[in-house]
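Just so you know, ligand 1 is whichever comes first in the structure, and atom 1 is the first atom listed for that ligand.
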Amino acid sequence: MSRLFHNIREECGVFGIYGHAEAANHAYLGLYALQHRGQEGAGICSSDGNSLYLEKAMGHVSEVFSEKRLKRLPGMAAIGHNRYSTAGGSHLKNVQPLMVNFSLGSLAIAHNGNLTNAFALKTQLEKEGAIFQSNSDSEVIVHLIAHSREETAQDKIIDAVNQIKGAFSLLILREKELYAVRDPHGVRPLSIGLLGDAFVAASETCALDLIGATYIRDVEPGEMVRICDNGIDSIKINPAKKKAHCVFEFIYFSRPDSNIFGGVNVHTVRKELGRQLALESYQDADVVIPVPDSGVPATLGYANESGIPLDFGLVRNHYIGRTFIEPKQSIRHFGVKIKLNPVRQILQGKRVVVVDDSIVRGTTSKKIIKMIRETGQAKEIHMRISSPSTIGPCFYGIDTPTRGELIASTHMTDEIRKFITADSLAYLSMEGLRSVIPNPDDYCYACFTKHYPITFPQEEQYSQLELSFV
Ligand code: AMP
């Protein structure tokens with residue numbers, strides 16, 4: 001889900017389970033496995049067959065849920081949500097699941113993705129008397145369901161889903177049923193699994209693994225899956241002619257142990273991206289090091305292909321948490337130093353290839369190279385990026401800044417090299433990326449090409465972001 005209007009920057013994780021005596025506890029574990037998809041807030045809504053119960057708060061899953069709190073979530077069904085942390089403006093009211101009462105009972109939703117027509121829908125709904133409590137586009141879905149003139153809850157949901165555009169992997173919980181819905185292009189992942197007799201739905205399969213569920217299949221693009229006491233039903237709503245899975249899920253966002261978009265393993269793809277990168281831009285060097293953690297699989301591929309030894313020249317602190325407070329006065333601007341520290345024994349006097357998955361603003365690479373040169377005392381630093389230049393903002397749910405802030409949208413590669421102070425810099429080519437991705441035509445590459453597969457009905461909503469449509 002994303003916030004409306006400004007700062008369209010959110011990624012999220014969703015998890016649902018139906019037909020298990022410990023539904024909320026499993027949702028808690030599922031969210032734990034999906035923590036990387038969102039760290040700002042977390043929530044779980046459960047159903048005991050008669051009523052829905054909701055607990056949510058700001059913070060990591062482990063901070064939000066105590067044993068006591070989980071006990072307040074009874075029943076055999078639950079959905080959960082992790083919300084991504086955004087720059088400023090974070091409020092509990094935006095944390096999901098969102099729960100409402102409407103004419104046919106209660107309903108809760110958990111949404112991953114980003115609607116492209118939320119502004120128009122919200123404006124229309126407000127004209128019709130809807131009062132919005134959050135500034136999240138996911139609330140639009142709730143109002144559309146509540147306002148629908150269809151008779152049954154299922155038809156109301158279908159009616160709502162047919163009106164929204166953009167990216168959505170959606171879980172909807174009612175007293176006696178759970179819906180899992182995926183947008184027509186299948187932008188964000190959503191998989192279904194089985195845990196004993198219970199059905200499970202999760203953004204990524206790493207959540208199924210944690211609770212011991214078996215992966216069955218993905219929710220298909222444009223499909224709505226309904227789970228109730230009688231089992232599972234599939235309702236085809238509106239699949240698009242062309243799929244547009246988010247390629248950035250492979251490059252950066254999903255966990256490497258997850259299998260997404262039809263069961264493709266993320267680690268394997270990342271490793272192949274690194275191998276392809278080495279084929280395209282080999283650099284004679286003494287050592288190749290990853291920017292941990294997301295750069296690790298690509299570095300492995302790069303090292304295997306190039307024959308240059310891999311080592312871990314940067315060590316990451318995994319315990320930074322959201323409560324970190326940067327000292328105000330003398331030792332400001334820790335930046336990347338809080339997260340990463342170079343190992344001089346590995347880097348000193350060496351020609352080093354550094355592999356990262358992406359350059360967005362360029363500030364991370366610049367700081368990393370500075371520390372590898374100054375603290376690590378490396379002789380040469382060659383930056384290799386396992387994706388093409390990021391030139392277009394994402395409007396479908398990945399946190400990328402506005403176009404003006406994307407360094408590659410306004411600078412040539414050599415200018416970026418100078419900015420980050422590397423001895424050389426190379427990105428993976430688009431052809432190289434496509435050669436690694438299975439069924440490459442089924443993907444959205446808009447962040448690298450500015451070819452946006454899902455259109456924007458309200459250009460004015462995005463004009464402030466200096467988007468140039470291609
Ligand atoms: P930047 O300093 O803006 O160039 O950020 C690049 C770094 O951020 C790389 O190390 C990436 O692994 C990481 N990164 C890329 N995309 C995202 C994202 N959507 N959210 C958080 N970090 C990201």
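In this structure, Lys243 fails the cation-pi test against Tyr443, since its NZ or CZ atom is not both closer than 6.0 Å to the six-membered ring centre and inside 45 degrees of the ring normal.
Legend: residues meeting salt bridge (charged side-chain N to carboxylate O under 4.0 Å, His left out) with Glu272, ordered by chain and number and at least two apart, are Arg275. Legend: residues meeting side-chain contact (heavy atoms from CB on, under 4.5 Å) with Arg270, ordered by chain and number and at least two apart, are Pro256, Val266, Pro297. Qualifying side-chain contact (heavy atoms from CB on, under 4.5 Å) partners for Ala160, counting only residues two or more places apart in sequence or in other chains: Leu144, Ile145.
At a heavy-atom cutoff of 4.0 Å, ligand 1 is surrounded by Glu11, Tyr84, Phe248, Tyr252, Ser294, Asp356, Asp357, Ser358, Ile359, Val360, Arg361, Gly362, Thr363, Thr364, Ile398, Asp399.
Between Phe419 and His411, the distance from one ring center to the other does not fall under 6.0 angstrom. For Phe15 and Tyr28, the ring centers sit 6.0 Å or farther from each other.
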